[in-house]
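All values below were derived from every heavy atom in this structure, side-chain atoms included, with hydrogens, water molecules and symmetry-related copies excluded. Note that ligands are numbered from 1 as they come in the structure, with each ligand's atoms numbered from 1 the same way. Heads up: numbering here begins at 1 and tracks the sequence.
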Amino acid sequence: MTTLSAPRSDAEATTTVVVPLAGKAYDILIGPGLIARAGAEIAARFPGARASIVTDDTVAGHLAGALNASLEAAGLEPQTIVVPAGEKTKSFAVLETVVDGLIAQRRERGDLVVALGGGVIGDLAGFAASITRRGMRFVQIPTSLLAQVDSSVGGKTGINTPRGKNLVGTFHQPSLVLADTDALASLSPRHLRAGYAEVAKYGLIDDAPFFAWLERNHGEVLARGPALTHAVATSCRAKARVVVADEFETTGARALLNLGHTFGHALEASTGYGERLIHGEGVAIGMAQAFRFSASLGLCAPADAERVAAHLAAAGLPTRLADIPGDVADDETLIALMGQDKKVKRGRLTFILARGIGEAYVANDVPPDAVRAFLATERTL
Ligand SMILES: NC(=O)c1ccc[n+]([C@@H]2O[C@H](COP(=O)([O-])OP(=O)(O)OC[C@H]3O[C@@H](n4cnc5c(N)ncnc54)[C@H](O)[C@@H]3O)[C@@H](O)[C@H]2O)c1
Ligand SMILES: O=C(O)C(=O)C[C@@H](O)[C@H](O)[C@H](O)COP(=O)(O)O
Ligand SMILES: [Zn+2]
């Protein structure tokens with residue numbers, strides 16, 4: 001018989017997932033108290049480096065003081081750059097203020113940019129790090145569920161343009177990820193649910209048992225119980241596996257992480273990157289649509305599509321165009337936005353479709369007419 005005992009300290013409660021990329025391997029530490037320990041963890045790995053914290057004006061109020069104190073105590077001479085919270089911050093204008101701030105702070109190539117915040121901050125600060133002085137190192141301290149399970153891992157960085165999501169950016173891996181599960185205490189329920197969509201994505205792509213586990217345990221995950229930490233660690237392991245297999249999204253393995261994003265990104269862009277539809281919500285609708293599209297093409301059982309939508313709805317997520325407040329852009333606008341997707345090859349649309357739960361695959365060359373016919377049915381839901 002195995003006797004389980006509670007961890008005696010935050011350090012003992014920490015899970016480490018390694019992203020073993022050749023020449024640029026890094027650790028993801030997951031657990032409580034990591035912001036308080038950030039200075040020690042960073043200084044031990046990057047002796048002599050100084051740190052610039054990039055955060056948003058919401059996260060700053062909750063967590064920047066504690067992080068600053070920890071980095072200060074470890075001799076990292078922290079300075080902070082604060083930008084507005086929200087998706088609109090992933091823009092050229094805000095990128096310029098971050099890059100200028102790093103240069104004004106006289107940070108060198110060997111110093112560290114520390115992204116403290118959700119996916120918006122991680123994508124923006126990571127991009128700024130990748131271009132400032134032709135490439136600074138950076139550390140991700142993800143504070144939203146979405147950032148802890150997805151955006152802080154894998155090195156996709158970037159900003160949006162009015163013509164589409166993440167259309168300007170780089171691949172630039174972080175040097176360390178510190179996912180402090182205590183930080184999630186102050187995250188709003190809406191943003192927690194949005195992050196949950198990306199958790200469910202890992203089950204839908206290739207891990208049916210994890211999806212079934214989520215169906216049983218989503219209440220505890222969303223109640224921020226111990227199941228939440230399990231969900232974060234399982235998600236990070238899944239993402240690390242995919243990123244190591246296909247870092248630059250060339251073989252198709254990484255494209256699977258785009259499940260729900262062809263539809264979702266078009267919806268986000270068409271709603272102006274505002275509060276009407278946040279990324280995880282767009283992904284939830286997009287994943288439900290990807291399964292309904294697959295069912296309509298005879299690829300997967302309609303019951304699977306219904307099960308996916310039912311689970312996302314049970315988690316409080318939108319699953320239909322009608323769930324988006326206000327008018328939704330017309331089909332031609334959405335198809336034009338999908339045409340800007342980075343998976344497009346020689347003008348042909350690519351979707352992530354599914355043969356069932358946990359059986360997603362990359363479908364190249366989906367005819368726009370099939371998408372048009374499908375969207376027409378979506379308007380009736
Ligand atoms: N690079 C990638 O691989 C990747 C993966 C998934 C998503 N993304 C990107 O991530 C972004 C979405 O990330 P997000 O959902 O974290 O959005 P976000 O960064 O806007 O954070 C959501 C909101 O929660 C607030 N917040 C964050 N942490 C908090 C905390 N601990 N306490 C209180 N408030 C907190 C933020 O201020 C913000 O208002 C999108 O731009 C998306 O494109 C990138
Ligand atoms: O890491 C990846 O690869 C992903 O696709 C993860 C997605 O959840 C994320 O939203 C990503 O930013 C989308 O990438 P994009 O290349 O489609 O913009
Ligand atoms: Zn995403």
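Counting non-hydrogen atoms of other residues, nucleotides and ligands closer than 6.0 Å to CZ of Arg190 gives a total above 12. Applying the 6.0 Å contact sphere to CZ of Arg372 captures more than 12 heavy atoms from other residues, nucleotides or ligands.
Listed as neighbours of ligand 2 are Asp150, Lys156, Asn166, Glu198, Lys201, Lys239, Glu249, Arg254, Leu257, Asn258, His261, His265, His279, Lys342, each bearing a heavy atom under 4.0 Å from the ligand. Listed by chain and number, Asp56, Thr58, Val59, His62, Leu63, Ala85, Glu87, Lys90, Gly118, Gly119, Val120, Asp123, Thr143, Ser144, Leu146, Asp150, Ser151, Lys156, Lys165, Asn166, Ala183, Ser186, Leu187, His191, Glu198, Lys239, His279 each place a non-hydrogen atom less than 4.0 angstrom from ligand 1.
If you look at Phe210 and Tyr202, their ring centroids are not closer than 6.0 Å. If you look at His172 and Phe138, their ring centroids are closer than 6.0 Å. Between His279 and His261, the gap from one ring centroid to the other is short of 6.0 Å. The six-membered or imidazole ring of His311 lies near that of Tyr196, with a centre-to-centre distance under 6.0 Å.
Lys239 places a side-chain N or O within donor-acceptor distance of the main-chain N or O of Asp150, the cut-off being under 3.5 Å. In terms of modelled atom types and a separation under 3.5 Å, the side chain of Arg137 and the main chain of Gly110 share a donor-acceptor contact. In this structure, Thr132 contributes its side chain and Ala129 its backbone to no donor-acceptor pair below 3.5 Å. Side-chain atoms of Asp180 come within 3.5 Å of backbone atoms of Gly33 as a donor-acceptor pair (strictly under, hydrogens ignored).
Side-chain contact annotation: Lys343 with Thr262, donor-acceptor N/O pair under 3.5 Å present.
Taking the six-membered ring where tryptophan is involved, the planes of Phe171 and Phe248 are perpendicular, since the angle between them exceeds 60° and thus also 30°.
Partners of Tyr361 under the ring-ring contact (aromatic ring centres under 6.0 Å, His included) rule, at least two apart in sequence or in another chain, do not exist in this structure.
Within the protein, the number of N/O/S atoms found under 2.8 Å from the Zn ion (ligand 3) is 3.
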